[in-house]
J.: 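Starting off with a structure, shown below.
The residues of the chain are indexed from 1 along the displayed sequence. Atom set for the values below is all heavy atoms of this structure, side chains included, hydrogens, waters and symmetry mates excluded.
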Amino acid sequence: MLDISKRIAEKIRTFDDIKHGNVYNLIQDDKANSNFIVVELASLVGDYTKDYESYYDVKFNIVIISNQFDKGNNTSILLNNHFEKREIDFDDYVLTSIQLSNFSEKYAATSYINTLTYTASI
């Protein structure tokens, strides 16, 4: 479960309509170009239900870096269409109740940076 950012990055690579360069679960400077996506695990907190079943609350960021504002914005919209209110079925657990909790955009150096923050449950 601690490899969730890697698994989400792998899932994004399977989306045929996302044509935004490389996808990383961590930035890899030697491979990154001006258009890429980074998935970051922001938090993973476990707890128990009143029936003593375990569950986890997950927060993750998808960061879209682009040299063109429209390209980054369109990629953000497409990714949100894939993730929000959906489930992602991995081999050993299911990421459920995925919801966009924050969106931000900024410009740094020569890149537009869109950050989508999601909450979910396992």
J.: Quick check for you: to the nearest 0.5 Å, what is the distance between R7 atom CZ and L41 atom CG?
T.: 12.5 Å
J.: Could you tell me whether the side chain of T115 reaches within less than 4.5 Å of the side chain of F103, counting heavy atoms only?
T.: no
J.: Measure the acute angle between the ring planes of Y118 and F83, then classify it against the limits of 30° and 60° as parallel, tilted or perpendicular.
T.: tilted
J.: Side-chain contact, heavy-atom cut-off 4.5 Å: E40 with V38?
T.: yes
J.: Looking at D89 and K11, is any side-chain nitrogen of the basic one under 4.0 Å from a carboxylate oxygen of the acidic one?
T.: no
J.: Working to the nearest 0.5 angstrom, can you tell me the gap between I88 CD1 and E10 CD?
T.: 11.5 Å
J.: Which pair of non-hydrogen atoms, one from A108 and one from I113, has the smallest distance, and what is that distance?
T.: CB-CD1, 3.8 Å
J.: Is there a continuous path of hydrophobic side-chain contacts, each under 4.5 Å between heavy atoms, that joins F69 to Y107?
T.: yes
J.: Answer yes or no: is there a side-chain heavy-atom contact under 4.5 Å between L79 and I37?
T.: yes
J.: May I ask you to decide if S97's main-chain N or O and R86's side chain share a donor-acceptor pair within less than 3.5 Å?
T.: no
J.: Could you tell me whether the side chain of E84 reaches within less than 4.5 Å of the side chain of I98, counting heavy atoms only?
T.: no
J.: Applying a strict under-4.5 Å side-chain criterion to I, L, V, M, F, W and Y, I'd like to know whether Y93 and V58 cluster together.
T.: yes
J.: Test your reading of the model: is there a side-chain donor-acceptor pair from N114 to the backbone of S76, 3.5 Å cut-off?
T.: no
J.: With the 4.5 Å side-chain cut-off for hydrophobic clustering, are V94 and L44 part of the same group?
T.: no
J.: Evaluate side-chain contact (heavy atoms from CB on, under 4.5 Å) for L95 paired with F90, printing each intermediate quantity in order.
T.: CA-CA 8 Å; L95 195 61; F90 298 115; 4.3 Å; yes
J.: Does any N or O in the side chain of N35 come within less than 3.5 Å of the main-chain N or O of N67, such that one atom is a donor and the other an acceptor?
T.: yes
J.: What closest approach, in Å, do S66 and G72 show between heavy atoms, and which atom pair accounts for it?
T.: OG-N, 3.6 Å
J.: Quick check: do I64 and L116 have side-chain heavy atoms less than 4.5 Å from each other?
T.: yes
J.: Is F15 close to N81 at the side-chain level, that is, under 4.5 Å between some pair of heavy atoms?
T.: no
J.: Rounded at 0.5 Å granularity, tell me how far OG1 in T75 sits from CD1 in I62.
T.: 11.5 Å
J.: Measure from the side-chain N and O atoms of E87 to the backbone N and O of T96, and report whether any donor-acceptor pair falls under 3.5 Å.
T.: no
J.: Side chains of I65 and Y112, heavy atoms from C-beta outward: is any pair under 4.5 Å?
T.: no
J.: Distance check, rounded to the nearest 0.5 Å: L78 atom CG versus I12 atom CD1?
T.: 11.5 Å
